[in-house]
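Please read these numbers as outputs of a predicted model, since none were measured by experiment. Throughout, protein chains are lettered first and strands after them, A, B, ... in sequence-line order, and every chain is numbered starting at 1. Note that these values count all heavy atoms, side chains included, but never hydrogens, waters or copies made by symmetry.
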Amino acid sequence: MFDRILATVRRIPKGKVATYGGVAEAAGYPGAARQVVWALRTAKGVPWHRVIGAGGRIRLPGEAGLEQRLRLRTEGVAIERDRVDLFLHGHRFRQQRETEGSLN
DNA sequence: AAGATGACGCCCG
DNA sequence: CCGGGCGCCATCT
């Protein structure tokens with residue numbers, strides 16, 4: 001599970017973002033958003049900054065949160081008040097249900 | 001085996 | 001928009 005989640009995170013292209021729940025589902029573990037968090041906290045070498053909360057919210061608190069915004073902005077992701085426009089930057093994982101998609 | 005721990009998500013007031 | 005409460009679930013004490 002751990003590897004599948006990380007592999008999924010690594011698939012998010014630069015300039016795009018995905019939600020914790022979205023990654024979990026795309027990895028094959030719907031509802032396992034918390035495991036995505038666990039994986040990101042644990043693993044290294046993954047584009048963790050491209051994973052955000054539902055609705056495009058930045059959930060990472062403190063310094064790390066600021067770094068995340070910085071990194072995203074650097075990749076061309078617009079951020080408005082701790083928010084990312086998912087319809088604009090949400091990554092669409094392939095082979096995923098329409099109702100979900102990336103914006104989901 | 002039981003309880004605690006999250007970068008969560010969703011609903012309600 | 002902001003809290004608060006509850007469900008979730010692998011992993012770790």
Side-chain angles (χ1 to χ4, degrees):
Chain A
M1 171 187 234
F2 188 85
D3 293 321
R4 301 239 322 205
I5 289 177
L6 295 183
T8 301
V9 172
R10 277 190 269 263
R11 278 183 211 117
I12 305 171
K14 174 171 172 281
K16 295 283 187 173
V17 299
T19 63
Y20 297 98
V23 170
E25 169 135 19
Y29 306 98
R34 309 195 84 125
Q35 279 51 249
V36 173
V37 170
W38 185 86
L40 290 179
R41 274 172 44 44
T42 307
K44 297 180 172 57
V46 295
W48 56 271
H49 56 285
R50 307 209 184 120
V51 187
I52 60 187
R57 285 196 206 52
I58 300 295
R59 305 304 284 246
L60 225 186
E63 297 281 324
L66 295 179
E67 188 187 328
Q68 179 169 38
R69 293 191 220 178
L70 183 62
R71 289 186 175 229
L72 289 176
R73 288 197 55 177
T74 298
E75 296 189 345
V77 176
I79 299 176
E80 182 67 47
R81 257 51 152 195
D82 288 14
R83 284 273 203 96
V84 170
D85 186 332
L86 293 180
F87 287 89
L88 198 61
H89 302 102
H91 172 55
R92 298 202 172 236
F93 291 101
R94 294 193 185 190
Q95 312 180 123
Q96 181 144 303
R97 49 182 120 304
E98 336 65 49
T99 55
E100 262 291 68
S102 44
L103 44 77
N104 36 188

* Test side chain to side chain contact (heavy atoms under 4.5 Å, CB included) applied to I52(A) and V17(A), L60(A), V23(A), the passing residue -> V17(A)
* To do: Measure across A32(A) and M1(A) and return the closest heavy-atom pair with its distance rounded to 0.1 Å.
  => CB-CE, 3.9 Å
* Asked: What is the distance, rounded to the nearest whole Å, between atom CD1 of I5(A) and atom C1' of dG6(B)?
  -> 13 Å
* Structure fact -> Taken to the nearest whole Å, CZ/R41(A) to C1'/dC8(B) is 13 Å
* For L86(A) and dG9(B), what is the distance between atoms CG and C1' respectively, to the nearest whole Å? -> 14 Å
* Asked: Would you say R4(A)'s side chain and A27(A)'s backbone share a donor-acceptor pair under 3.5 angstrom?
  -> yes
* Structure fact -> Rounded to whole Å, the CZ-P distance (R59(A) to dC2(C)) equals 11 Å
* Structure fact -> For A39(A) and F2(A) the tightest heavy-atom approach is CA-CE1, 3.9 Å
* Structure fact -> Quick tally for nucleotides 4-13 of chain C: nucleotides whose base has a protein heavy atom under 4.0 Å get B, sugar-phosphate-only ones S, the rest -, giving ---BBBBSS-
* Interatomic distance, R69(A) atom CZ to H49(A) atom NE2 [nearest 0.5 angstrom] -> 15.0 Å
* Asked: dG6(B) P sits how many Å from L60(A) CG, rounded?
  -> 13 Å
* Asked: Tell me: CZ of R81(A) to C1' of dC1(C), nearest whole Å?
  -> 13 Å
* Take atom CZ of R83(A) and atom P of dA7(B), then tell me their distance rounded to the nearest Å. => 20 Å
* Show the numbers, then the answer: is there a side chain to side chain donor-acceptor pair (under 3.5 Å) between E75(A) and H89(A)? => CA-CA 11 Å; E75(A) 296 189 345; H89(A) 302 102; over 6 Å; no
